[in-house]
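Okay, so here's the structure we're looking at.
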Amino acid sequence: MTKLIPMPNPKEVSEMDDIMQYTPGNGLFHRLNAMTKIIFAVGMLIAAVMTENQYILAAMIVFIVALAAVSGLGKALLKQLPILIVLSVLLVLLTVLTMKDGDTLFNLIPIGDGYIPVTTGAILFAVTMSLRFAVLISSFQMLVISTQPSELVNALYVLRVPSDYALMFLIAIRFIPTLQREGVRINEAQLSRGYNPGGGLIGKVKQTGPVMLPLMLNSLSKADTLGLTIDMRGYRKASENKRKITYKVADILMIAAVLAIIVLMAAIALGLLVLPI
């Protein structure tokens, strides 16, 4: 009797939320203009780079998450959580293998005198970098998921970004959800043909092989088609007809809050303000 091999459920594979995808809404952050959102993302980036205080970085993450929750973007923002977890684990492994500062907590290989020591300096550096990347990714995703692509490109044109670079940026962020959906379709096609990579972590790793090659080939084809579509619709000429950006009270308050955070980080970095933590 032939033994049937249990296959993964294709429905579970297809039920995957898109990341970096514009989410329609009328929340607080949605009502801000695109320029204010760019200032917010860049300001959070500058503030995160200027400090190494884990408490301040954690407070910035709480601020971004609270702003997302108030604006109805909390669920969309949480889609990046697996990416942040993987990034944090990689940072911890990298710093443990490369940094030897601080006191040794334990050894990864407790044989003899021990090999690959885990130090306090490596752990603190990994935590700091993980929090910093969380701030950067969260603020950038807030910009992308709350701003229509046309408004974002118009803001880049107002900043006098060359049309080619503005369109490259737009294509890059739009390709992230496109590649994700394409990867799901290819995976479902492989499963329908009887491919069974197995379960667990090893199965997940094996599953990426038959998906990556067709995904790369399809991506190149789609990029070429998208480039031709952009030229045919005259997006390059749009830089000559920029729309004026208006600032409301909410925009002014958000810009003022971002500038206040940057000034606070600068004062702490220069030693003009000493925190008790």
Side-chain angles (χ1 to χ4, degrees), residues 19-20 23 27-30 32 35-106 117-147 173 176 250-251 253-277:
I19 59 175
M20 291 296 179
T23 304
L28 174 62
F29 210 76
H30 278 95
L32 301 176
M35 188 66 71
T36 301
K37 297 173 188 177
I38 292 176
I39 294 174
F40 169 81
V42 175
M44 291 295 101
L45 184 151
I46 295 174
V49 171
M50 292 177 65
T51 182
E52 295 182 355
N53 191 306
Q54 291 88 3
Y55 296 101
I56 295 177
L57 292 171
M60 293 174 64
I61 295 174
V62 172
F63 169 68
I64 295 173
V65 172
L67 183 60
V70 171
S71 304
L73 297 170
K75 182 179 178 180
L77 192 66
L78 290 178
K79 295 175 186 177
Q80 69 184 1
L81 188 59
I83 300 176
L84 294 176
I85 293 176
V86 173
L87 182 62
S88 299
V89 172
L90 293 177
L91 284 172
V92 170
L93 292 176
L94 181 62
T95 52
V96 165
L97 294 175
T98 57
M99 290 188 64
K100 308 300 178 185
D101 298 336
D103 300 328
T104 301
L105 299 175
F106 59 90
V118 178
T119 62
T120 56
I123 297 297
L124 290 176
F125 181 79
V127 171
T128 301
M129 292 300 296
S130 298
L131 293 174
R132 186 173 289 167
F133 275 113
V135 173
L136 302 184
I137 297 175
S138 301
S139 57
F140 179 76
Q141 183 159 351
M142 285 285 289
L143 165 67
V144 174
I145 64 179
S146 65
T147 312
I173 61 175
I176 295 176
D251 296 292
L253 292 177
M254 179 59 70
I255 294 174
V258 172
L259 293 178
I261 293 174
I262 294 176
V263 171
L264 178 62
M265 295 302 101
I268 295 174
L270 296 174
L272 302 177
L273 179 63
V274 179
L275 297 180
I277 53 176

Non-hydrogen atoms of F125 and T95 that approach each other most closely: CD2-CG2, 3.3 Å
Atom pair CD1 (I145) and OG1 (T23), whose distance is rounded to the nearest 0.5 Å: 5.0 Å
Side-chain donor or acceptor of S71 paired with backbone N/O of A68 under 3.5 Å: no
Derivation and outcome, side-chain contact (heavy atoms from CB on, under 4.5 Å), residues I46 and M265: CA-CA 9 Å; I46 295 174; M265 295 302 101; over 6 Å; no
Taking every non-hydrogen atom, the tightest pair across I262 and M50: O-CE, 4.1 Å
Parallel, tilted or perpendicular: rings of F29 and F40 (30°, 60°): perpendicular
L136 backbone acceptor or donor facing S139 side chain under 3.5 Å: yes
L272 CG to L270 CG distance, which is reported to the nearest 0.5 Å: 5.0 Å
Separation between CG of L131 and CD1 of I56, rounded to the nearest 0.5 Å: 11.5 Å
Nearest heavy-atom neighbours spanning L84 and I137: CD2-CD1, 3.6 Å
Spatial distance of atom CG (L67) from atom CG (L32) [nearest 0.5 Å]: 7.5 Å
Distance-minimising heavy-atom pair for M44 and I261: CE-CD1, 3.6 Å
Heavy-atom closest contact (T98 atom, L94 atom, distance): OG1-O, 2.7 Å
Taking every non-hydrogen atom, the tightest pair across M142 and I64: CG-CG2, 4.0 Å
Gap between atom CG of D251 and atom CD1 of I39 - 0.5 Å precision: 9.0 Å
Beyond-backbone contact of L124 with E52, side-chain heavy atoms, under 4.5 angstrom: no
Euclidean distance, F133 CZ relative to T128 OG1, rounded to 0.5 Å: 12.0 Å
